[in-house]
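Below is one structure, written out as structure tokens, with a few remarks after it.
All heavy atoms count here, side chains included; hydrogens, waters and symmetry mates do not. None of the values given here were measured: they were computed from a predicted structure.
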Amino acid sequence: MKSAFRPTLMPSTLSLAVLTALFAPSAMAETTDQTPSVVLEGETITIKRDQSKLKESAQKVLIIDRQAIDDQLLLSDDTSEALSKLIPGYAPASEKLGTVGESFRGRDVLFMIDGVPQSNPLRDGSRESRTIDLAMVERIEVVYGASAEQGLGATGGIINFITKTNRKDGIAQQVAITASSDNHFNSDGLGGSVRYQASFGGEKTDALFAVKYAKEGMYYQADNRMTGIYGNQGDVQGSQSYDVFAKAGYQIDADKRVGASVNYYHLDSDATLDYENVAGNRATGLTDTAVKYTGTAYRGKTPYNDALTVNATYSDDDFFGTRLSAQAFYNDFTARYGANNANNYQDISIAPNGTLLDQSQNESTKIGAKLTLNKDDLWQDRVSVTAGVDALQDETEQKLILTNRSWAPLMQYRSVAPFAQARVRLADRLNLSAGVRYEHGELKVDDFETVAGYTRAASFGSRRWTQTPVEGGTVKFDEVLPSVGLVYDVNDSTQVFANYAKGLGMPDVGGTLRAITALDQSVSSINLEPIVTDNTEVGVRYTGDKLSADLSVFQSKSDLGSTLEYDATVEGYRAARQATDIKGAEVALRYQATDNAQFTASYAHTQGEYDANGDGVMVDMPARNISPDKLSVGVNYRFGDSDKRFGMTATHLFSRDYPAVNNAESKADAYTLVDMTYKQPLGKGVVGLGINNLLNEEYDVFLTDAVLPTSDRYTGGRGRNYNVSYTIDF
């Protein structure tokens, strides 16, 4: 008999079973719904083009359901923090607006909203995970490992945010409010949010509208000192955000449906303008802090993320005997970074050396379409076939907005990619999946000039304060990307799976082009070949009445990978092209001890090597690419048949030594964070309480501890903080 308790995470993969937290889930809880989660074998993976079930997948897949999202929202609105705690193999959160160092299985992740790409492979600005508020998300699908079936960017995996859809008849409304505070209730550490949601369901029409406004307080460390400010990447602390979401669908007849959605998300933080960083002392272990800025100097414009995603869909379940799915989308994304007077911004034709203040802004626009056909009942129901074609145009540029200069030139990427896949039942218990995608891509860049601050090659003898001209051109490539997998049903509860797949990514094109310092260069002469990864994985999953478990081991190799290396001369990262080899293993357990008590645990390990000097000798990869080992354990408990629920999560990051970054020691120190949630009905609604970092642990943020261990930036993690919520439906 299946329990009526709804698990925090689906038992799909070695997903992290975080032991989520003290007093209760959801800052945005969908109130009192306690129905059990969908069983494993019945859950469709919407991001998979063949619409396969979890039990049929030859890849590791994790489904994060609405309840788990609600629990994390009560602890924090920070998407990166939620992903880090909910996904084994995802690196520690930066706790800043930027996501530098947040790798997934040692490589890049393709972020999507309802299948619409959010990542910006042409100029990776490390901001793509924050394009939607999780309050608008019904569930998150995580596909582990390289995959080309959704196009560029998924060399490490895919994270697809599936937005809410109304499934109720009539009109329903919901209001949720939250309040948050640091451990000592400092006035500038207070925050909160308010959300309104309305839905309509008719005979053929359904619609949902939601809007949320959130204000984040300043962060305080465990010793009650304010967290240091990260001026360049921007901060989440001190931010305000709002998200407006609308979605509607119309059922034309029993088979045909049209739908459309719009999501606009904006987050900005004045913390970098209102506060200034006070450097700590790495040698003594004293982390940075921040104080109110009392000066009068101009400090630039407010850093922000701004994202608009428009999506239109059409489906027909009986299109000449097949299932047809069509999608057209538009995505406009802008990321503004903090202002500073970095060396690479300087130009003596504008201002004396060292005095020029500037700040960069990434701008990217994507337009695309996807067409998919599915046929299931072939060869006595033993074969299903999927075929289709994708088209994408991506235009990206990085500007220096205070001086109206182009830092990374305008880049236009276009691709057309037909694909075909098949699933074959070879025997009663053995299933084969195979597919191939043909990616034809063209990258076009017009003639441009780098900014003067980059012309500092050793051959010049000294800094040459002139721009470097670069000849434009078009780079074309054609890649055939196969995949094949096997799933063997040992019995009704156990499957063994294995797969091989090629993934496709781009090097940081904009970062490479903007850093050209030699004369007589052209776009066609620069190594801009795509990153093609070979990913293999073997795993086993078990789903019993009480115990669910999975284990997988993987390897991801590339003859011409891309490793980001810090270069002090340009005060940033350069994409170095070398062979890479990444290996790892992950395990997850979920045990339903009673109808009301559930225990979870997960462990993730990743290691990577690369040919740093091009001499065939493989050495350890830096922290920017490889995250520390992570162990999570958790418990969730529901009190009797009531809607009162308690959870606790402990996440331990293991210590690891990394190769030095620009001659600075790079080491991740171990720490353990414990979170608690609790919720229960109160009046006509539901009240929730969350405590983040319950034990008030002192720790160093992975970003500045290991990824960017510079002498002037040493960030301590956020201390204990509290969140309360009240949600009411009417």
Side-chain angles (χ1 to χ4, degrees), residues 59-60 89-91 99-110 119 121-122 124 126 143-148 152-158 439 477 479-483 499-512 515 526-538 552-567 572-586 604-629 656-662 666 668 702 706-708:
Q59 279 184 283
K60 175 182 170 61
Y90 194 91
T99 57
V100 176
E102 293 185 16
S103 60
F104 182 40
R105 278 193 170 183
R107 296 196 184 274
D108 292 332
V109 59
L110 173 60
S119 299
L122 299 182
D124 182 7
S126 300
V143 178
Y144 286 72
S147 175
L152 285 177
T155 55
I158 299 172
E439 186 90 15
F477 67 85
E479 294 288 345
V480 177
L481 304 163
S483 63
N499 74 80
Y500 166 82
K502 281 186 177 290
L504 183 68
M506 290 293 288
D508 189 345
V509 177
T512 300
I526 304 299
N527 188 355
L528 298 176
E529 290 184 50
I531 302 165
V532 179
T533 61
D534 293 286
N535 189 88
T536 54
E537 183 175 19
V538 177
S552 65
V553 294
F554 65 89
Q555 181 176 30
S556 176
K557 300 181 68 174
S558 178
D559 293 334
L560 188 62
S562 181
T563 304
L564 291 180
E565 297 180 332
Y566 188 75
D567 187 339
Y573 282 97
R574 290 182 185 270
R577 309 300 304 276
Q578 313 101 339
T580 59
D581 186 1
I582 299 171
K583 302 182 179 73
E586 296 160 342
H605 167 74
T606 307
Q607 63 185 48
E609 296 180 324
Y610 73 120
D611 185 1
N613 298 316
D615 57 4
V617 178
M618 304 293 281
V619 298
D620 289 341
M621 296 181 76
R624 170 61 178 82
N625 302 87
I626 303 297
S627 62
D629 290 4
R656 175 176 282 192
D657 293 324
Y658 293 96
V661 176
N662 193 35
S666 174
F702 179 61
V707 178
L708 271 177

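Here the CD1 atom belonging to Ile626 is positioned 6.0 Å from the OG1 atom belonging to Thr606, to the nearest 0.5 angstrom. Rounding to the nearest 0.5 Å gives a distance of 14.0 Å between OH of Tyr144 and CG of Asn499. Tyr500 OH to Ser483 OG: the interatomic distance, rounded to the nearest 0.5 Å, is 9.5 Å. Rounded to the nearest 0.5 Å, atoms OG (Ser126) and CZ (Arg624) are 5.0 Å apart. Rounded to the nearest 0.5 angstrom, Arg656 CZ and Ser627 OG are separated by 7.0 Å. One distance of note links CG of Asn535 with CZ of Arg105; it measures 6.5 Å at 0.5 Å rounding.
Put simply, the side chain of Ser558 gets close to the backbone of Val532: a donor and an acceptor are under 3.5 Å apart. Without hydrogens or angle criteria, Asp615 side chain to Val617 main chain gives a donor-acceptor distance under 3.5 Å.
A side-chain hydrogen bond (donor to acceptor under 3.5 Å, both in side chains) with Thr580 holds for exactly one of Arg107, Lys557, Glu609; it is Arg107.
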- prompt: Could you go step by step and tell me if Ile526 and Thr512 meet the side chain to side chain contact (heavy atoms under 4.5 Å, CB included) rule?
  reply: CA-CA 8 Å; Ile526 304 299; Thr512 300; 3.7 Å; yes
message: Walk me through whether Val553 and Glu537 qualify under side chain to side chain contact (heavy atoms under 4.5 Å, CB included).
response: CA-CA 6 Å; Val553 294; Glu537 183 175 19; over 6 Å; no
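Side chains of Gln555 and Ile582 form no contact here, defined as non-hydrogen atoms less than 4.5 Å apart. The shortest side-chain heavy-atom distance between Glu586 and Lys60 falls under the 4.5 Å cut-off. Side-chain contact check for Val707 versus Val100: some heavy-atom pair is nearer than 4.5 Å. Contact annotation: the side chain of Thr533 never approaches that of Lys502 to less than 4.5 Å [non-hydrogen atoms, C-beta and beyond].
Across every non-hydrogen atom of Met621 and Pro659, the tightest pair is O-CD, 3.6 Å. When every heavy atom of Tyr610 is checked against every heavy atom of Pro622, the shortest pair comes out as CE2-CD, 3.9 Å. The minimum heavy-atom distance between Phe702 and Ala623, with the atom names listed, is CZ-O, 3.6 Å. Pairing each heavy atom of Leu122 with each of Asp508, the nearest pair is O-OD1, 3.7 Å. The two atoms that bring Leu528 and Met506 nearest to each other are O-CE, 4.2 Å, heavy atoms only. In this structure, Ser103 and Asn625 approach most closely via the heavy-atom pair OG-O, 2.9 Å.
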